[in-house]
**Q** 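I have a structure here, written as structure tokens, and I will follow up with some questions on it.
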Amino acid sequence: SGMVIGLDMTEEQLAVAKKYQKWHAETMGFSKINTVFHQGFIEDLSVIDSASIDVVVSNCVINLSPDKKRVMQEVFRVLKPGGEFYFSDIYSDRRLPQSVKEDETLWGECLAGALYWHDFLDLAKGAGFGDPRLVKDRTLSINNEALSKKLNPAKFWSATYRLWKIK
């Protein structure tokens with residue numbers, strides 16, 4: 001009886017999702033398609049009613065958002081009380097300099113928008129979430145010498161966290 005809402009900023013990714021929509025429903029044993037897709041941005045979930053979602057899942061999207069504070073606020077808004085937010089993303093051990101934040105190649109590599117761990121905590125708590133719980137993490141190795149030089153001395157991690165809406 002549940003429903004899945006997909007959101008992506010690109011028409012191309014939405015086309016792929018829609019192409020396999022029926023196959024997934026049949027494979028999972030659903031008699032009807034229980035998915036809908038919207039084009040948009042994670043920092044603007046206005047297509048979703050407040051307090052209407054049980055779980056939000058995001059995979060390496062927040063680092064690409066220019067307004068991370070609004071991402072946290074919007075996810076908090078759409079979650080039901082007790083709802084959960086699971087997301088994987090890239091984190092750094094420090095605030096990144098402006099030169100890194102403005103580097104198009106580093107944006108494409110999902111590094112320029114990496115959140116500093118303490119800033120992530122402040123954003124999550126500021127939006128109303130409880131203390132984040134680490135699900136899994138791993139150190140990222142920057143094997144490209146030119147990129148590594150631009151990023152030095154910053155260190156990066158890929159981490160999956162769980163947040164929940166207490167209120």
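Keep in mind it's a predicted model, so treat the numbers as computed, not measured. Just so it is clear, the values below take in all heavy atoms, side chains as well, and ignore hydrogens, waters and symmetry mates.
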**Q** Among the clusters formed by ILVMFWY side chains lying less than 4.5 Å apart, do M9 and L14 turn up in the same one?
**A**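 Different clusters: M9 never reaches L14 through Ile, Leu, Val, Met, Phe, Trp or Tyr contacts under 4.5 Å.
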
**Q** With a 4.5 Å heavy-atom cut-off, do L64 and C110 have their side chains touching?
**A**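 Counting from C-beta outward, L64 and C110 do come under 4.5 Å.
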
**Q** Just do the side-chain hydrogen bond (donor to acceptor under 3.5 Å, both in side chains) check on D44 and S46 with the steps written out, would you?
**A** CA-CA 6 Å; D44 180 9; S46 58; 2.9 Å; yes

**Q** Quick one: are D67 and F41 in side-chain contact, heavy atoms under 4.5 Å?
**A**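 The answer is no; the side chains never approach within 4.5 Å.
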
**Q** Applying salt bridge (Lys or Arg N to Asp or Glu O under 4.0 Å), can you list everything that pairs with D8, at least two apart in sequence or on another chain?
**A**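 Partners of D8 under the salt bridge (Lys or Arg N to Asp or Glu O under 4.0 Å) test: none.
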
**Q** State, to 0.1 Å, how close F129 and K165 come at their nearest heavy-atom pair, and which atoms those are.
**A**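 Scanning both residues, the minimum pair turns out to be CD2-N, 4.1 Å.
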
**Q** Measuring from atom OG1 of T160 to atom CZ of R133, what distance do you get when rounded to the nearest 0.5 angstrom?
**A**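 Result: 15.5 Å between the selected atoms.
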
**Q** Can you find a heavy atom in the side chain of N63 that is under 4.5 Å from one in the side chain of L115?
**A**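 Counting from C-beta outward, N63 and L115 never come under 4.5 Å.
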
**Q** Just checking, any donor-acceptor pair under 3.5 angstrom between side chains of N143 and S141?
**A**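 Per modelled atom types, N143 and S141 side chains form no pair under 3.5 Å.
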
**Q** Give a yes or no on whether M3 atom CE has more than 12 heavy-atom contacts from other residues, nucleotides or ligands under 6.0 Å away.
**A**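 Yes, CE of M3 has more than 12 neighbouring heavy atoms, counting only those of other groups under 6.0 Å.
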
**Q** Would you check if the side chain of S148 reaches a backbone N or O of N144 as a donor-acceptor pair within less than 3.5 Å?
**A**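 No.
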
**Q** Below 4.5 Å, heavy atoms only, C-beta onward: do F87 and I62 meet side chain to side chain?
**A**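 F87 reaches I62 side chain to side chain.
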
**Q** At what distance, to the nearest 0.5 angstrom, does CZ of R70 lie from CD1 of I42?
**A**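 It comes to 11.5 Å.
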
**Q** My understanding is that only residues two or more places apart in sequence, or in another chain, count here; which of them pass side-chain hydrogen bond (donor to acceptor under 3.5 Å, both in side chains) with Y86?
**A**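 With sequence neighbours excluded, Y86 shows a side-chain hydrogen bond (donor to acceptor under 3.5 Å, both in side chains) to E84, R162, given in chain and number order.
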
**Q** Around atom CD of Q98, are there more than 12 heavy atoms of other residues, nucleotides or ligands at under 6.0 Å?
**A**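 More than 12 within 6.0 Å, yes.
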
**Q** Using distance only, find each side-chain donor-acceptor pair of residues 47-61 under 3.5 Å and give its atom names and separation, not counting sequence neighbours.
**A**
unit_1: S50; atom_1: OG; unit_2: R77; atom_2: NH1; d: 2.9
unit_1: S52; atom_1: OG; unit_2: D49; atom_2: O; d: 2.6
unit_1: D54; atom_1: OD1; unit_2: K80; atom_2: NZ; d: 3.4

**Q** So, taking the atom named CD in E11 and the one named CZ in F37, what distance separates them when rounded to the nearest 0.5 Å?
**A**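 E11 atom CD to F37 atom CZ measures 15.0 Å (nearest 0.5 Å).
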
**Q** Any idea which heavy atoms bring E43 and E74 closest together, and the distance?
**A**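 Heavy-atom minimum between the residues: O-CG, 3.4 Å.
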
**Q** Got a second to check how far E109's CD is from K150's NZ, nearest 0.5 Å?
**A**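 Between atom CD of E109 and atom NZ of K150 there are 10.0 Å.
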
**Q** Are side-chain heavy atoms of K136 and S88 found at a separation under 4.5 Å?
**A**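 No, side chains not in contact.
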
**Q** When hydrophobic residues are tied together by side-chain contacts of less than 4.5 Å, even through go-betweens, does L134 share a cluster with W117?
**A**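 Yes, because L134 and W117 connect within a single hydrophobic cluster, where side-chain heavy atoms sit under 4.5 Å apart.
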
**Q** Measure across D137 and A159 and return the closest heavy-atom pair with its distance rounded to 0.1 Å.
**A**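 In this case the closest contact between D137 and A159 is CB-CB, 3.8 Å.
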
**Q** Are T139 and K155 packed together at the side-chain level, in the sense that at least one heavy-atom pair is separated by less than 4.5 angstrom?
**A**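 In short, these two side chains do not touch, never coming nearer than 4.5 Å.
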
**Q** Do F85 and L123 belong together in a cluster built from hydrophobic side chains that touch within less than 4.5 Å?
**A**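 Same cluster: F85 reaches L123 through Ile, Leu, Val, Met, Phe, Trp or Tyr contacts under 4.5 Å.
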
**Q** Under the side chain to side chain contact (heavy atoms under 4.5 Å, CB included) criterion, do M72 and L163 qualify, and how do the steps go?
**A** CA-CA 10 Å; M72 293 294 177; L163 295 173; 4.1 Å; yes

**Q** F120 vs Y161 aromatic rings, parallel, tilted or perpendicular, using cut-offs 30° and 60°?
**A**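 Tilted.
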
**Q** CG/N152 to CD/E145 distance, rounded to the nearest 0.5 angstrom?
**A**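 Going from CG on N152 over to CD on E145, the span is 11.0 Å.
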
**Q** Between W157 and L140, is the side chain to side chain contact (heavy atoms under 4.5 Å, CB included) condition met? List the steps.
**A** CA-CA 5 Å; W157 287 263; L140 290 181; 5.7 Å; no

**Q** For the NZ atom of K22 and the OG1 atom of T35, what is their distance to the nearest 0.5 Å?
**A**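 The OG1 atom of T35 is 13.0 Å from NZ of K22, to the nearest 0.5 Å.
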
**Q** So, K125 and D131, do they make that salt bridge, N to O below 4.0 Å?
**A**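 Salt bridge present between K125 and D131.
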
**Q** Which heavy atom of K101 sits nearest to which heavy atom of L96, and what is that distance?
**A**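 Looking at all heavy atoms of both residues, the closest pair is CE-O, 3.2 Å.
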
**Q** For the residue pair A112 and D103, what are the closest heavy atoms and their distance?
**A**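 Minimum heavy-atom contact is CB-O, 4.2 Å.
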
**Q** Does a side-chain heavy-atom distance below 4.5 Å link H38 with I5?
**A**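 In contact.
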
**Q** Which atoms form the tightest heavy-atom contact between L121 and P132, and what is the distance?
**A**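 Result for this residue pair: CD2-CG, 3.6 Å.
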
**Q** Check step by step if side chain to side chain contact (heavy atoms under 4.5 Å, CB included) holds for F156 and L151.
**A** CA-CA 10 Å; F156 295 86; L151 296 165; 3.7 Å; yes

